[in-house]
Amino acid sequence: VTRHSRAARVFAAVAAIASIAVLVAPPARASGLDPGAADAHVRAAMEQEGRAYCESPPKPLPDAATRLCPLARDVPGCEKLVAACEARDVDVDLPKVPTGFAKWLASVLQAVGPIAAWVLVALVVVAILLPVVMAIRSRSRDRKREPKAKKKATAESTPLDLGEPLEPGGDAEALLRAAEESAAAGALDRALFGFLRAALVALDQRGAIRITRDRTHGEYVRSCRDAEAKPSLRAMVSEVDRVRFGGEPATADRVRDLSTRAKAIVRAARAAAVMATLAVALLVSGCGRFGARGADPGGPELFLALLHQQGVQVGAPSGPLASLPLPESASDAPVLVLDAERVPLDDESRARLVRWVRAGGVLVIAGAPESWPEPFEAHAAATRPTREARFRTFPSLAAQRAAEAAGVEGKDEEDLAAADDARSEAREPDAPREDVAHLARAESFTWGLTYRAIATLSGEHIEKGAHGDATYAATASFGAGRVLAFANDDLFTNLGLARPGNAAPLVAALAELGNARFLVARPEHAASPPSDPISALVRAGLGLALLHSLGLVLVLFLAKGARLGRPAPTRPPARRAFVEHVRAVGALYDRADLAGHALAAYGRFALERLRARLPRGEHDLAAFLATRSGRSREGCEALLKRARGDEDPRAPRVSSVREDVETLGELGDATAQALAAAPRTRRAR
Amino acid sequence: LDSTSFRETYERLHAEIGRALVGQEELVDGLLVATLARGHVLIEGAPGLGKTLVARALAQVSGCGFKRIQFTPDLMPSDVTGSSIFERETSQFRFVAGPVFTQLLLADEINRAPAKTQSSLLEAMQDRTVTVDGVSRPLPEPFVVVATQNPIESQGTYPLPEAQLDRFLFKLAVLSPPADVERAIVRRHADGFDPSDLSALSSVTDAEQLMAMQRFAATVRVDDAVIGYLVDIVRKTREDSSIEVGASPRASLAMLAAARVVAASEGRTFVTPDDVKPMAKPVLRHRVLLHPDAQLQGVSADDRIDDALRRTPVPRVG
């Protein structure tokens, strides 16, 4: 009995202490979020994570970060960010609605601007591609001129065989190694030549020279575009020529000297190639766009750090939002934080989110209302004249939500707010908390759902149903779940949270949700599984690389394949036109100063034709010609004499070319008349 | 004489001629190389480009004897070689030497004389002797013919026969100078330069030294690979369908002699392909006869030589 009574006394004491503790202690923070400590946590997070977004912002400032510039002056130590904002010429004042001519001009610029930008981009692309295409085509033409020999020199044997003629391509490192092996084996001349070949191949790959079969060493030196390598190359060529053509011995000193010079050229080429590859890779991957981690003023790093500091469980969705697992009940659903400005949603993701919230999920969404799922029925409202958002939150609501999670599912926010008001009246500690947050953009939204406003830009106290279109943040029930929405993501960004006083209202709003588990979506979660390989590449960030590859294929097609698309040129006729032959023969005779010879040949031809028409037994050609042509006998005799005088090309020329032509013309006329009148003899036939 | 002093003397000769002739570096180099290779030069260019001046300047700085023949249509072979005249006092024929008996002969406008007169130089240029009345007389050493011709005039001219052309080591083309060079030429004349008086040029060498340089150049080493290269170039002109008659083996010898001088002028005792390649055009351009079709298509001898050079692989390492 004694033992039992002692145990009962101990139990009773513990129960009493526990009861007192429960009665004395403030209401438990079921979510673990503490708005009072939020500013301190932000400062601690900034000390831990650094302030890269203030101290080394990316240059030029990205557009997404530029919109936060109005907050930059409010954050201590952000002078560099302020300077970056000023460099972008950001208007930190509230936007003014254009009127009249300005409005018309703005609309015209808005319409023409994208076209002009695309035209500019097209011009830049053409300006880049044109020299590349021309260079490739030029190189192709050069190669066509070279004989198509040495096909059998394969890539495997060419670089390592020092005896092969020097050809473009090959591996400079392999040549260098082969030369070193030759030097080690005592073949100093081969080593000497090998080092020069390695240097030439390296320079060729670097674009400093162009290796062709018809270029001499001296031409390589003179055409070398690498100013640093040129003196070394000249010295190497000089030494090699002494051995190769001068008959001097290849000494170890020479080999050592060339080895040093060749290594410097080859390794420099390799280092340059690596650097160029890295630079291209960085550019393609987009790493060069931003600086260090957390340097983006619009980034989420500080928000994540704040959640960690608050002691809540922070994670990320296990997969794409499009396949987000539906919660079994509202009590076990985590809070999904979605920055719709950083995480653009596709249709599948939007549909899944709606189903997920209906099933009991709790969604915190921030960003332009147009990007939210349509069933949320949210629309952007007109810009307000203030950037101060007044928050009104209920700390006690968190505990109630946690306690009633299972029992009150399905109650809408008005019921909860009414219950909260009732409790507030009953219990003084449950009074609403009021904060002011300073935003970068004075944006608000209207909501088709039944909702409760948490923050407004009106500057007035929030009263149920009286805030109209000035709502900045609000919460609403949607199916079995809830949505906490913000008109933009200013408070979720590094700079927005760094602004003193902004963390507390955000944490207070999140605390109302009564949940200690947060999943923060990243951009990659917004993508649904790709439906085809191209979209997979694009989503993997390789879209630009794909575009470059397509451009390269296009350039290669223009360089190599364009001719396949052209009709084959018709082969010129094998035979030249007769008139070309006559001109060529004439030019040949004229160049040889034998015009007289040509004319004499024609004269002989004409006389032969006349003789062929002579009647049988007739020998007097002049009489025949006179009779048949109706000319005088003396004239015909003189004509024939002049014509016969040119029969012998070795005889000294007594007449000029003009006289010869006149004689032949006269002879031709007379012959034509004679032949026309004379009957054809058998000989003539 | 060694390679260093050869190079220094060559550079001094070049610089001294350059004092009289502005902006014609290739012409001066060609003339010096041909002289030191014991060859003759045919200079082709429009009037007024300094063809005659460069020959006179060479004679002045090399310290050689110099004579000039103005070729005209009525010039007779005996006007070049000289002839025997009868002396009444001794009742004997006495040979009166013509202007060819000199060390540097300027044959100005050589294509204005008929072929017979032009041919009077054949023996002199090839054998360096002159035969008159059955007696051969040697010409003084060194003996260099510098002939000029104008390519744009055809009236009253007599193209050089192929046999005559082949005797010339180089055919140098003189082009119009660029604007800045032309301004410099005019500036010099404005400052009082008199092209007819070259006494201001100093003699860098004498005939003996010039011959010593010729002998040294002939000893420059030539590797078999280089010989193969230059022979390949010359043979390519015979395989070209655009060339009716390619260059003869004499062209190979000419290219070899010229390449040796180029190597020596750079202070080397061996020839490389770099010395051969620049000599191809001056040596070959007057030794190839283009096909009429190629001529009609506007192809020049230099174009075909360029193509031959492109098709000939250069011996390098390995």
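When the shell of 6.0 Å around CD of B:Q70 is examined, it contains more than 12 heavy atoms from other residues, nucleotides or ligands. Other residues, nucleotides and ligands contribute more than 12 heavy atoms inside 6.0 Å of the CD atom of A:E248.
Judged by distance alone, the side chain of B:R221 and the main-chain N or O of A:F245 form a donor-acceptor pair under 3.5 Å.
Only the backbone of B:V271 comes within less than 4.5 Å of a heavy atom of chain A; no side-chain atom from C-beta onward does.
Between B:V314 and A:R215 the shortest side-chain heavy-atom distance does not fall below 4.5 Å.
Between atom CG of residue B:D293 and atom CG of residue A:L588 there is a gap of 10.0 Å, rounded to the nearest 0.5 Å. B:T269 contributes atom OG1, which lies 7.5 Å from atom CZ of A:R242 (distance to the nearest 0.5 angstrom).
A:D214 approaches B:R310 most closely through the heavy-atom pair CB-O, 3.5 Å. Taking each heavy atom of A:T216 and B:K277 in turn, the nearest pair found is CG2-CD, 3.9 Å. Nearest heavy atoms, A:R222 versus B:D274: NH2-OD1, 3.6 Å.
Between chain B and the residues A:G247, A:G218, A:G246, the largest count of heavy-atom pairs under 4.5 Å involves A:G246.
Of residues 232-254 of chain B, no residue lies under 4.5 Å from chain A by any heavy-atom pair.
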